[in-house]
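What follows is a structure written as structure tokens; I'll ask about it next.
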Number of protein chains: 2
Amino acid sequence: MLPRPPRPQGGTILIPDHIAVPVDGKPIQREDCKIASILARIGDKWSVLIVMLLAGGPRRFSELKRSIDGISQRMLTLNLRGLERDGMVTRTVFPTNPPRVDYELTALGRSLCGPVIALGNWAEEHLPEIERARAGFDARAAG
Amino acid sequence: MLPRPPRPQGGTILIPDHIAVPVDGKPIQREDCKIASILARIGDKWSVLIVMLLAGGPRRFSELKRSIDGISQRMLTLNLRGLERDGMVTRTVFPTNPPRVDYELTALGRSLCGPVIALGNWAEEHLPEIERARAGFDARAAG
DNA sequence: CCGTATCCACTGCGATACTG
DNA sequence: CAGTATCGCAGTGGATACGG
């Protein structure tokens, strides 16, 4: 086995202790990464979009459904349930007829917007670079 | 149709313009959300873990494989290809025998670590709250 | 050692239909 | 209106085997 390159070197990033990286010789399990389930939420197909919509204030089910083109009723329900379970949104049923259900971001949900928007800003800033990289890679792969 | 609640209100978050939210009446398409493909990378099963490992310096394929418990060779390859395509990592082949391939974060990849670590910090800070919310929700669902 | 190819189980998710 | 139930497909990802 070839010697591992020295750890600290130009451009190395300081990782906070709580973001799991393997100590030498001990493989990391994915479950060790506590943020994995958070990242899964963030990364899934609709959650961020829903959270960003709710950041504008409470919305009812049908409003969200209409606002998000292409989402199925089933997926909207499932996503909202997941967000509710994680404590990100509250679900309020008005006992009217026809029924009306409002969804609203909790304090926790609102606090999530900060890092997510930071990521969005990063994406916005670097999207041209990423698209150039993709185009270059694809061109090289084709040729 | 019931009147939409007023937009600016207590706890409303300011969303930057480039993070797409629907203007009144126009449903948003998921493709409008430019950060969607970024979020998909962030959210997929292994990418963040790989990026965090590479944040410690360049690593060779087999090193990464050993470091991440449970990842298949196939998935490691696919993830690294995806990251390479997006311009996040470079792939360097040493024409030795046996062959050796090093992966290293690009400047772009390193810059991504900032927002990701911010998200990790958020997750670390709020994980207890989330777990409490989940437990409460599950208990209510069961009872 | 590093990667690709093939096969297959699983599941995410859309479509549709049906209830309170 | 706001769900739930069921079905079916397409994509994801693991296991295995093989090639450079």
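What you see is a predicted model, and the numbers here were worked out from it, not measured in a lab. Each chain gets a letter, A, B and so on, in the order the sequences are listed, and its residues count up from 1.
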(message) Rounded to whole Å, how long is the line connecting atom CG of A:Asp69 with atom P of C:dC13?
(response) 17 Å
(request) Starting at atom CG of A:Leu78, determine the distance to atom P of C:dC13, rounded to an integer number of angstrom. (result)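 Between P of C:dC13 and CG of A:Leu78: 9 Å.
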(message) I need the CZ-P distance between B:Phe61 and C:dG3, as an integer number of Å.
(response) 5 Å
(message) Is A:Ser62 close enough to D:dA2 that one of its side-chain N or O atoms is under 4.0 Å from OP1 or OP2 there?
(response) yes
(request) Decide yes or no for B:Ile38 and A:Ile130: does some side-chain heavy atom of the first lie under 4.5 Å from some side-chain heavy atom of the second? (result)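 They are in contact (side-chain heavy atoms under 4.5 Å apart), so the answer is yes.
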(message) What is the separation between atom CD1 on A:Ile71 and atom P on C:dA15, rounded to the nearest whole Å?
(response) 12 Å
(request) Calculate the interatomic distance between A:Gln73 atom CD and D:dT6 atom C1'; express it in whole Å. (result)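 Checked: the CD to C1' distance equals 15 Å.
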(request) Please determine, for the side chain of B:Arg91, which listed nucleotide (C:dG3, D:dG3, C:dG14) has the closest atom? (result) C:dG3
(message) Taking the nucleotide of DNA chain C with the nearest heavy atom to each, does A:Pro99 or A:Trp46 sit closer to the 5' end?
(response) A:Trp46
(message) Measuring from atom CG of B:Leu108 to atom CE of B:Met88, what distance do you get when rounded to the nearest 0.5 angstrom?
(response)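 Output value for this atom pair is 4.5 Å.
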(request) State whether a side-chain donor-acceptor pair under 3.5 Å links B:Ser47 with B:Asn79. (result)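 Distance-only check passes for B:Ser47 and B:Asn79.
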(request) Round to the nearest Å and state the distance from A:Arg60 atom CZ to D:dC1 atom P. (result) 7 Å
(message) Distance check needed: C:dC1 P versus B:Asn97 CG, whole Å only.
(response)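 Spelled out: CG on B:Asn97 to P on C:dC1 is 12 Å.
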(request) Whole angstrom is fine here: how far is it from NZ in B:Lys45 over to C1' in D:dG14? (result)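 After rounding, the gap between these two atoms is 8 Å.
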(request) Assign each of A:Arg74 and A:Arg81 to its nearest nucleotide of DNA chain D by heavy atoms, then name whichever residue's nucleotide is nearer the 5' end. (result) A:Arg81
(message) Does A:Lys65 reach a base, just sugar-phosphate, or nothing at all? Heavy atoms under 4.0 Å.
(response)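 Result for A:Lys65 = nothing.
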(message) Any non-hydrogen side-chain atom of A:Leu112 less than 4.5 Å from a side-chain atom of A:Arg41?
(response)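 Sidechains of A:Arg41 and A:Leu112: no contact.
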(request) May I ask you to say what A:Tyr103 touches in the nucleic acid, namely base, sugar-phosphate or nothing, with a heavy-atom cut-off under 4.0 Å? (result)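 It contacts sugar-phosphate atoms only.
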